[in-house]
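Atoms within each ligand, like the ligands themselves, are counted from 1 in listed order. A quick note: this is a predicted structure, and the numbers were derived from the prediction, not measured.
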Amino acid sequence: MHEHEKAKRIYKALDAFRIEMPSWGFANTGTRFGKFLQPAAATSLEEKFADAGEVNKLTGISPDLALHVEWDLPNGAKDIPAIRRLEKEHGVRAGSINPNLFQSQEYKYGSICNPDAEIRAKALDHLLTSVEIGKQLGSRDLSIWIADGSNYPGTQSIRRRIEWMQEILGAVHTALCREQRMLIEYKPFEPAFYHTDIADWGMAVELARIAGPQARVLVDTGHHYQAQNIEQIVAWLLHLDMLGGFHFNDRRYADDDLTLGSIDPYQVFRIFHEILTDAPDKVAEIAFMIDQSHNLKGKVEAMIQTVCTAQELYARAALVDRELLAELQQSCRLVEAEECFRGAFWEDVRPFVKAWRKERKLPEEPLRALAESGYVERITQERQEKNACAGSSYA
Ligand code: LRH
Ligand code: MN
């Protein structure tokens, strides 16, 4: 493929590529064995918007910040005026709204699947509050992850829990306004270790279909068994027109929430290929979002690294000669097809991506620009005292 053609394809793809940051990616997070506090970590919503603003300023492709209701809007809709101010101040919009039905004590036996009708009603109330917050903020997606499940066989009725779930997700769908969507995220295990009520893409598709036409499925790349073929699931969801979006991260073992492309960059390339092959013009309907916890890496650095890695992998996927590949696939010319496909992954697209950034008055190397900006040193000064006295144990 001629260099000029490569540039044209990459520029067209990058002009449409945007990826949403998670507010919790800037905060101190850890594992069940504790968390290592970072002096520069964000603890307030103001600081999370400030860090997101810096990432968007240096990358130009991450204008949205996902919010987690309990963590970012502890006062519910009353926190909306503050968020409006922060959006203006930092040039970042409130993105997907993430209800939290996994933290409070009464959800021990579940939230929307809890045998206790009062607790289910409380969970529905929180979901409806989250819908309202999304409406008032004008954010499109309500991103629902349900941690519900059980730890021991025979201790819960899996069937009855499906009925309770359907009922409540239906009520949530009814509350959506026309512009809103509800994304149903599946996860095979953790925190539950025997059964999880929304454990895989099939369950999520059925629940979304039953809930209504504004419901779609969210694919968190960390929520799959080791050998599962994630891009095949993506192809099916595209085929069924049920793909709502992604939580991108990487993993070696389970839901490790490591930085995108750090373990298996080829995985993300294969996912982007399915999307660019099936629906290059429908990309805006697919929410590309990051869901990571930066337990050891500097959080702003890790976020910029992630946004840039996603951008570069998307550019590579744009270089696959899909017309030629379709011919080679049709005629089962396996090695040629594989070389046509994987050849794009081997391409070093960084010079094109740098040129794309330069043309848009963005720093060619956002990570170097961050280092030269002194931003991390400044927020470290401002926040280290407050962070020093935060608790480091997870519990
Ligand atoms: C669950 C999950 C979900 C979020 C949480 C922070 O593992 O992926 O998307 O709410 O992480
Ligand atoms: Mn997730």
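From the protein, the heavy atom lying nearest to atom 6 (C) of ligand 1 is Trp24 NE1, 3.8 Å. Counting only heavy atoms of the protein, atom 7 (O) of ligand 1 lies nearest to Lys187 NZ, 2.9 Å. Atom 2 (C) of ligand 1 has as its closest protein heavy atom Asp291 OD2, 3.3 Å. For atom 9 (O) of ligand 1, the nearest protein heavy atom (residue, atom name, distance) is Glu185 OE1, 2.7 Å. Looking at atom 10 (O) of ligand 1, its nearest protein heavy atom turns out to be His68 NE2, 2.8 Å.
Within Asp220, the N/O/S atom positioned nearest the Mn ion (ligand 2) carries the name OD2. The N, O or S atom of Glu185 lying closest to the Mn ion (ligand 2) is OE2.
Cluster membership check: Val217 shares its hydrophobic cluster with Ile168, using side-chain heavy-atom separations under 4.5 Å among Ile, Leu, Val, Met, Phe, Trp and Tyr.
Each of the following atoms of ligand 1 lies closer than 4.0 Å to a heavy atom of Asp220: 8 (O). Using a 4.0 Å cut-off to heavy atoms of His247, the atoms of ligand 1 that qualify are 9 (O).
In plain terms, the two heavy atoms of Ala175 and Val131 that are nearest each other are O-CG1, 3.6 Å. Between Gly261 and Thr309, the shortest heavy-atom contact is CA-CG2, 4.3 Å. The minimum heavy-atom distance between Ala66 and Glu20, with the atom names listed, is CB-OE2, 3.1 Å.
In terms of modelled atom types and a separation under 3.5 Å, the side chain of Gln228 and the main chain of Tyr225 share a donor-acceptor contact. For Asn151 (side chain) and Phe193 (main-chain N/O), a donor-acceptor pair under 3.5 Å exists by modelled atom type.
Residue-level proximity to ligand 1 for Glu190 is absent, since no heavy atom of it falls below 4.0 angstrom. Residue contacts with ligand 1, taken as heavy atom pairs separated by less than 4.0 Å, involve Asp255 solely via side-chain atoms from C-beta onward.
Remark: Glu231 engages Arg270 in a salt bridge, criterion side-chain N to carboxylate O under 4.0 Å. A salt bridge between Arg9 and Glu5 is present, with a side-chain N of the basic residue lying under 4.0 Å from a carboxylate O of the acidic one.
With the Mn ion (ligand 2) at the apex, Asp291 OD2 and His247 ND1 define an angle of roughly 90° (rounded to 10 degrees).
By the 3.5 Å distance cut-off applied to N or O atoms, Trp145 is not counted among the residues near ligand 1.
Here the two rings, on Phe269 and Phe341, have centers that are under 6.0 Å apart.
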